[in-house]
Amino acid sequence: EPVYTEASSSWQKAFSAEKFALQNNLSIVINTVPFYKKSILPSSKVKCAGIIVQQGKVICPPKENYCALCFYKDTRGFKALILDSQSSVVPQNCFYAAGGFWTILFKNSIYEFKDIKDYRTAVGTENGGKILLILAGKKLSFMDCAKILLEYGAEKAMEFDGGSSTLLLENQKKMISSPITAKAPAYLGFKFTGK
C-alpha cells in the first residue's frame with residue numbers, strides 16, 4: 001500500500017524521510033519529486049517542482065515536460081502507471097501521483113541521455129503496473145538505471161529526483177543515500193499489509 005507525505009504547493013520546511021517512515025511505520029521510503037530551495041542553508045524552505053496528487057486532489061501543479069508515477073486503486077488493490085507528461089495525470093482518477101524527471105525506458109527501448117553518473121532514484125513498472133520496481137544507487141546514469149530495471153522485467157521506467165535527494169529507506173534504515181542527503185518536501189512510502 002502506497003503512503004504519501006503531506007506536501008504543499010507553497011514554500012515549506014523540508015523534513016527527513018526517517019521521520020516520515022517512523023511516524024507511518026513504513027517498510028520502504030524513497031524520494032520523489034524534484035524541488036526548489038530558497039538558499040543553500042540546511043534550514044532553507046523548499047517547494048515541489050512537479051506534480052503531487054493526493055486522493056484526487058492536486059497539491060502541487062504539473063510540469064508538462066516531466067513525467068509522473070500514478071497509483072490507481074480498485075477492488076483488487078493498487079496499480080502503478082508511468083505517464084510521460086505530468087499534464088496527462090487525471091487527478092480525480094488518481095489515488096496518488098508524484099512527479100519525476102523523464103521516462104527512461106519503454107517497451108525494451110532505453111532512451112538516450114548524457115552519460116552522467118550520480119546518485120539516482122528510479123522506478124519501473126511491469127505486468128501492466130501490478131508490479132513496481134524501485135531502484136536507488138550511486139554512480140549511475142539514467143541509461144544505467146533503465147538497463148538495470150529492464151533486466152528485472154520493467155516495461156516502462158522513469159527517474160525521480162537524484163543527486164543529494166537520492167534516498168532509499170528499508171525498515172527505517174538508510175540503504176542508499178548520498179553523503180549529503182538533502183531533506184525534501186515529499187516522499188513516497190510503502191506499508192506491507194501481509195495480504
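Quick caveat: nothing in here was measured; it's all calculated off a predicted structure.
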Considering only distance and modelled atom types, tabulate donor-acceptor pairs under 3.5 Å from the side chains of residues 51-67, sequence neighbours left out.
unit_1: Gln54; atom_1: NE2; unit_2: Thr5; atom_2: O; d: 2.5
unit_1: Gln55; atom_1: NE2; unit_2: Tyr4; atom_2: OH; d: 3.3
unit_1: Lys63; atom_1: NZ; unit_2: Tyr36; atom_2: OH; d: 3.2

* **side chain to side chain donor-acceptor pair (under 3.5 Å) partners for Ser9, two or more places apart** => none

* Structure fact -> For Phe15 and Pro185, the nearest pair of non-hydrogen atoms, with its separation, is CE2-O, 3.5 Å

* Does the ring center of Phe95 lie less than 6.0 Å from the ring center of Phe78? -> yes

* Are Ile131 and Leu83 connected in the hydrophobic side-chain network, where two residues link if heavy atoms are under 4.5 Å apart? -> no

* To do: Go through the structure and list residues passing side chain to side chain donor-acceptor pair (under 3.5 Å) with Thr166, not counting sequence neighbours.
  => none

* With Phe106 via ring pair (Phe, Tyr, Trp, His ring centres under 6.0 Å) - residues at least two apart -> none

* Is a side-chain donor or acceptor of Ser85 paired with a backbone partner of Ser87 at a separation under 3.5 angstrom? -> yes

* Asked: Can you list every salt bridge (charged side-chain N to carboxylate O under 4.0 Å, His left out) pair that touches residues 92-106, not counting sequence neighbours?
  -> none

* To do: Answer yes or no: is there a side-chain heavy-atom contact under 4.5 Å between Tyr72 and Cys94?
  => yes

* List the atom of Cys70, the atom of Val89, and the distance in Å for their closest heavy-atom pair. => SG-CG2, 3.6 Å

* Taking all non-hydrogen atoms of both residues, which atom of Thr125 and which atom of Ala80 are closest, and how far apart? -> CG2-O, 3.5 Å

* Asked: Under a single-linkage rule joining Ile, Leu, Val, Met, Phe, Trp and Tyr whose side-chain heavy atoms are separated by less than 4.5 Å, which residues share a cluster with Phe35?
  -> Val46

* Contact list for residues 122-146, test salt bridge (charged side-chain N to carboxylate O under 4.0 Å, His left out), sequence neighbours left out -> Lys117-Asp144

* Could you tell me which residues satisfy side chain to side chain donor-acceptor pair (under 3.5 Å) with Ser88, sequence neighbours excluded, listed by chain and number? => none

* Any side-chain heavy-atom pair from Lys147 and Ile110 closer than 4.5 angstrom? -> yes

* Do any pairs count as a ring pair (Phe, Tyr, Trp, His ring centres under 6.0 Å) and have a residue in residues 112-137, sequence neighbours left out, and if so which ones? -> Phe113-Phe142

* Is the closest side-chain heavy-atom distance between Leu167 and Lys174 below 4.5 Å? -> yes

* Structure fact -> Here the pair of heavy atoms bringing Pro34 nearest to Gly99 is CD-O, 3.8 Å

* To do: Kindly work out whether a path of hydrophobic side-chain contacts (I/L/V/M/F/W/Y, heavy atoms less than 4.5 Å apart) joins Leu149 to Ile134.
  => no

* Asked: With a 4.5 Å heavy-atom cut-off, do Leu69 and Leu81 have their side chains touching?
  -> no

* Leu168 reachable from Val33 in the ILVMFWY side-chain graph, under 4.5 Å edges -> yes

* To do: Grab the two heavy atoms, one from Ala21 and one from Leu169, that are nearest each other, plus how far apart they are.
  => CB-CD1, 4.0 Å

* Is it true that Ile176 and Ile28 fall in one hydrophobic cluster, defined by side-chain heavy atoms closer than 4.5 Å? -> yes

* Salt bridge check: are Glu18 and Lys173 linked by an N-O gap of less than 4.0 Å? -> no

* Under the 3.5 angstrom rule, does the side chain of Arg120 hit a backbone N or O of Leu140 as a donor-acceptor pair? -> yes

Result block: side-chain N/O donor-acceptor pairs under 3.5 angstrom for residues 152-161, not counting sequence neighbours:
unit_1: Glu155; atom_1: OE1; unit_2: Asn127; atom_2: N; d: 3.3
unit_1: Glu155; atom_1: OE1; unit_2: Gly128; atom_2: N; d: 3.2
unit_1: Glu155; atom_1: OE2; unit_2: Asn127; atom_2: N; d: 3.0
unit_1: Lys156; atom_1: NZ; unit_2: Ile82; atom_2: O; d: 3.2
unit_1: Lys156; atom_1: NZ; unit_2: Asp84; atom_2: OD1; d: 3.1
unit_1: Asp161; atom_1: OD2; unit_2: Ser165; atom_2: OG; d: 3.0

* Asked: Under a 4.5 Å side-chain heavy-atom rule over Ile, Leu, Val, Met, Phe, Trp and Tyr, are Phe101 and Val123 clustered together?
  -> no

* Asked: What pairs of residues pass the side chain to side chain donor-acceptor pair (under 3.5 Å) test when at least one of them lies in residues 21-31, not counting sequence neighbours?
  -> Asn31-Thr121

* To do: Give the intermediate values and the outcome of side chain to side chain contact (heavy atoms under 4.5 Å, CB included) for residues Lys45 and Gln12.
  => CA-CA 5 Å; Lys45 299 262 180 155; Gln12 67 186 68; 5.6 Å; no

* Asked: What is the minimum heavy-atom distance between Ala98 and Thr32, and which atoms define it?
  -> CB-CB, 3.9 Å

* For Glu170, check salt bridge (Lys or Arg N to Asp or Glu O under 4.0 Å) against everything at least two apart and list the hits. => none

* Are side-chain heavy atoms of Val29 and Phe20 found at a separation under 4.5 Å? -> yes

